[in-house]
Amino acid sequence: KIRRGDITSNEVIDEHTYITGDLRIASGTTLTIQRKIYDVDKFISSTVVIFSALSDSGNLGSDPGKVEILVDGTLSIQGQNGSKISLRSSNDSGSEGDWWGVYLRTGASASISFADVRHTDWGVTILSSGSTSVTNSTFANNALWDLKIGNASTTTVSGNSSRHGLSNRWTTRETGVVSCDLTSAN
């Protein structure tokens, strides 16, 4: 599946998807990224969302050369323990900064659980007044930040880890962080 552009009605991604340009989730709209369950034998597949490295055929966001997920509505990423939802670069070896990352703008909300976010510039940036949680997720090989929280009214961060071994990959700038539990691992 290939995807880019505006999301103006509720949508589910539950299979491997290649994102060639910015995705913009409109206000009042939800994008859900989850694992697919096949009814025949209750087989559950993993979901990998691959972002075009160092190119952007959509150009809806702040960086015309890198794919972004721009959230004005709601983003729900729901993996499970042992089967995280992978958000990564299309580059086989994957490099820091291959894609921009996830950007929660004013009024947006998100529930991100058991995600593996890698090869971005900014990881997940939360500048939203909506309720947001980022739990049990892993961040690796991101150029600038793994998780950046500013101007957020209610944000819960718990059980996440960074594979950089660097404590400065996490930042909070404003009040409103309900809980913040971050670890760093190599």
Side-chain angles (χ1 to χ4, degrees), residues 1-36 45-79 83-128 130 132 134 137-152 162-164 169:
K1 182 177 182 178
I2 297 175
R3 189 69 173 90
R4 73 168 190 195
D6 288 317
I7 296 176
T8 57
S9 61
N10 294 344
E11 185 172 323
V12 174
I13 294 176
D14 62 0
E15 60 186 339
H16 291 354
T17 302
Y18 186 67
I19 308 298
T20 60
D22 296 335
L23 285 182
R24 182 170 46 199
I25 304 166
S27 179
T29 303
T30 299
L31 172 62
T32 301
I33 303 174
Q34 65 188 21
R35 300 173 328 139
K36 186 170 195 158
S45 71
S46 62
T47 299
V48 178
V49 181
I50 299 170
F51 295 85
S52 183
L54 303 175
S55 69
D56 180 1
S57 65
N59 198 19
L60 300 172
S62 60
D63 190 330
K66 294 182 181 179
V67 175
E68 306 164 56
I69 296 181
L70 306 161
V71 185
D72 294 315
T74 301
L75 175 64
S76 175
I77 300 176
Q78 299 304 314
S83 185
K84 290 185 176 181
I85 303 294
S86 178
L87 308 175
R88 66 175 184 81
S89 167
S90 64
N91 184 344
D92 286 339
S93 60
S95 297
E96 292 181 354
D98 277 353
W99 64 288
W100 195 93
V102 177
Y103 182 23
L104 279 76
R105 303 192 291 190
T106 302
S109 63
S111 173
I112 300 171
S113 183
F114 291 103
D116 183 24
V117 181
R118 54 182 64 230
H119 311 134
T120 73
D121 274 338
W122 295 95
V124 176
T125 299
I126 303 168
L127 299 177
S128 168
T132 299
V134 181
S137 295
T138 302
F139 297 85
N141 300 17
N142 298 309
L144 301 171
W145 300 102
D146 288 327
L147 183 60
K148 183 176 182 180
I149 304 169
N151 302 334
S162 171
R163 291 195 187 143
H164 298 286
R169 296 286 187 165

Chemist: Which residues satisfy the salt bridge (Lys or Arg N to Asp or Glu O under 4.0 Å) test with Lys84, sequence neighbours excluded?
Modeler: none
Chemist: Under the side chain to side chain donor-acceptor pair (under 3.5 Å) test, which residues partner Ser95, sequence neighbours left out?
Modeler: none
Chemist: What's the separation between atom CD1 in Ile25 and atom OG in Ser9, rounded to the nearest 0.5 Å?
Modeler: 12.0 Å
Chemist: Can you check whether Gly123's main-chain N or O pairs, donor with acceptor, with Asp146's side chain at less than 3.5 Å?
Modeler: no
Chemist: Just list the side-chain donor-acceptor pairs under 3.5 Å for residues 99-108, sequence neighbours left out, or say none.
Modeler:
| from | atom 1 | to | atom 2 | distance (Å) |
| --- | --- | --- | --- | --- |
| Trp99 | NE1 | Arg118 | O | 3.0 |
| Arg105 | NE | Asp72 | OD1 | 3.0 |
| Arg105 | NH2 | Asp72 | OD2 | 2.9 |

Chemist: Locate the shortest heavy-atom distance separating Ser137 from Ser113; write the atom from each residue and the value.
Modeler: OG-C, 4.0 Å
Chemist: Could you walk me through whether Ser83 and Arg35 pass side chain to side chain donor-acceptor pair (under 3.5 Å), step by step?
Modeler: CA-CA 8 Å; Ser83 185; Arg35 300 173 328 139; 3.0 Å; yes
Chemist: Check side chain to side chain contact (heavy atoms under 4.5 Å, CB included) between Ser76 and all other residues, then give those that pass, not counting sequence neighbours.
Modeler: Thr32, Gln78
Chemist: Counting only N and O atoms by type, is there a donor-acceptor contact under 3.5 Å from the side chain of Gln34 to the main-chain atoms of Val12?
Modeler: no
Chemist: Holding to salt bridge (Lys or Arg N to Asp or Glu O under 4.0 Å), I want the full list of residues that pass it with Asp121, two or more places apart in sequence or in another chain.
Modeler: Lys66
Chemist: Testing the 3.5 Å rule here: is there a donor-acceptor pair between the side chains of Asp116 and Thr138?
Modeler: no
Chemist: Taking the side chain as C-beta and beyond, is there a heavy-atom pair between Ile126 and Val134 under 4.5 Å?
Modeler: yes
Chemist: What's the shortest heavy-atom distance between Asp56 and Gly58, and which atoms?
Modeler: OD1-N, 2.8 Å
Chemist: Which residues pass the side chain to side chain donor-acceptor pair (under 3.5 Å) test with Ser93, sequence neighbours left out?
Modeler: Asn91
Chemist: When rounded to the nearest 0.5 angstrom, what is the spacing between CG in Asn142 and NE2 in His119?
Modeler: 8.0 Å
Chemist: Taking Gly61's backbone N and O only, do any of them form a donor-acceptor pair with Asp22's side chain (distance below 3.5 Å, no angle check)?
Modeler: yes
Chemist: For Ser57, give me all partners under side chain to side chain donor-acceptor pair (under 3.5 Å), at least two apart in sequence or on another chain.
Modeler: Arg4, Thr20
Chemist: Are Thr74 and Ser109 packed together at the side-chain level, in the sense that at least one heavy-atom pair is separated by less than 4.5 angstrom?
Modeler: yes
Chemist: I'd like to check the side chain to side chain donor-acceptor pair (under 3.5 Å) partners of Thr30; sequence neighbours left out, ordered by chain and number.
Modeler: none
Chemist: Can you name the closest pair of heavy atoms from Pro64 and Ser62 and give their distance?
Modeler: CD-O, 3.6 Å
Chemist: Roughly how far apart are Thr132 OG1 and Leu75 CG, rounded to 0.5 Å?
Modeler: 9.5 Å
Chemist: Indicate yes or no: at least one non-hydrogen side-chain atom of Thr120 is less than 4.5 angstrom from one of Phe51.
Modeler: no
Chemist: Could you grab the distance from atom CD1 of Ile13 to atom CD1 of Ile33, nearest 0.5 Å is fine?
Modeler: 5.0 Å
Chemist: Can you measure from CG (Asp63) to CG (Leu54) and round to the nearest 0.5 angstrom?
Modeler: 9.5 Å
Chemist: So, for Ile50 and Ser90, which heavy atoms are closest and what is the spacing to 0.1 Å?
Modeler: CG2-CA, 3.3 Å
Chemist: So, applying side-chain hydrogen bond (donor to acceptor under 3.5 Å, both in side chains) with Asp98, which one of Ser89, Ser55, Ser52 is it?
Modeler: Ser89
Chemist: Filter on ring pair (Phe, Tyr, Trp, His ring centres under 6.0 Å), then keep only pairs touching residues 8-33, sequence neighbours left out; what's left?
Modeler: none
Chemist: Any donor-acceptor pair under 3.5 Å linking the side chain of Asn10 with the backbone of Thr29?
Modeler: no
Chemist: Look up atom CD1 in Ile19 and atom NZ in Lys1, then write down how far apart they are to the nearest 0.5 Å.
Modeler: 8.5 Å
Chemist: Of Ile7, Val49, Val67, which meets side-chain contact (heavy atoms from CB on, under 4.5 Å) against Leu23?
Modeler: Ile7
